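Heads up: the structure comes next, in structure tokens.
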Amino acid sequence: MSIDPSAQKPAVLFVCVHNAGRSQMAAGFLRAIAGDRVDVFSAGSEPADQVNQVAVAAMREVDIDIVGQAPAILTTDAVRNADVVITMGCGDACPVFPGKRYEDWELRDPAGLPLEDVRPIRDDVRGRVERLVATLV
């Protein structure tokens with residue numbers, strides 16, 4: 001399913017457990033790649049207190065700043081308002097609504113990993129976001 005380009009800009013919601021690593025990196029890449037052509041949101045089923053600092057460092061290496069982002073709780077309204085919902089290891093915590101596009105990205109959780117182990121996750125996320133953008137804009 002691709003988004004109708006004549007419609008208002010699509011809204012993408014990235015969801016992972018802590019909303020501190022994978023989903024924050026994905027949101028950062030989507031904002032950087034798609035700019036204002038896509039509304040970008042992220043949330044977690046059990047949000048952390050802050051964004052993973054190793055994820056922040058990994059994104060800084062590719063000139064994307066996610067330091068000002070804050071983990072947010074996943075709400076039913078967030079899913080309802082999204083056109084595309086990308087889940088990353090949060091299981092059944094994400095409500096399902098008919099007519100939404102859902103994708104589950106199996107990605108290693110960067111929590112507790114050193115920077116050298118987070119880089120490949122970051123690069124995988126970038127590739128997935130690039131492919132997603134091609135279907136949205």
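Below, all heavy atoms of this structure are taken into account, side chains as well, without hydrogens, waters or symmetry copies. Predicted, not measured: the structure shown is a model, and the values here were computed from it. The residues of the chain are indexed from 1 along the displayed sequence.
- The backbone N or O of H18 sits nowhere less than 3.5 Å from a side-chain atom of E46 that would complete a donor-acceptor pair.
- N52 places no side-chain N or O within donor-acceptor distance of the main-chain N or O of A20, the cut-off being under 3.5 Å.
- Contact of the Y102 side chain with the F97 side chain is registered, since non-hydrogen atoms from C-beta on lie closer than 4.5 Å.
- Pairing each heavy atom of L113 with each of R108, the nearest pair is CD2-NH2, 3.2 Å.
- Two different hydrophobic clusters hold I73 and V51 under the rule that ILVMFWY side chains link at heavy-atom gaps under 4.5 Å.
- Classification of E103 and R128 as a salt-bridged pair fails, no side-chain N sitting under 4.0 Å from a carboxylate O.
- Heavy atoms only, all atoms of each residue included: M88 and C16 are closest at O-CB, 3.5 Å.
- Between L132 and R101 the shortest side-chain heavy-atom distance falls below 4.5 Å.
- Side chain of K100 to main chain of V85: no donor-acceptor pair is present (N/O by atom type, distance under 3.5 Å, no hydrogens or angles).
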Exercise. Could you walk me through whether R80 and T75 pass the side-chain hydrogen bond (donor to acceptor under 3.5 Å, both in side chains) check?
Worked result: CA-CA 9 Å; R80 184 180 290 120; T75 65; over 6 Å; no
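- L30 places a side-chain heavy atom less than 4.5 Å from the side chain of V133.
- In this structure, the side chains of F41 and N81 stay at 4.5 Å or more apart for every pair of heavy atoms.
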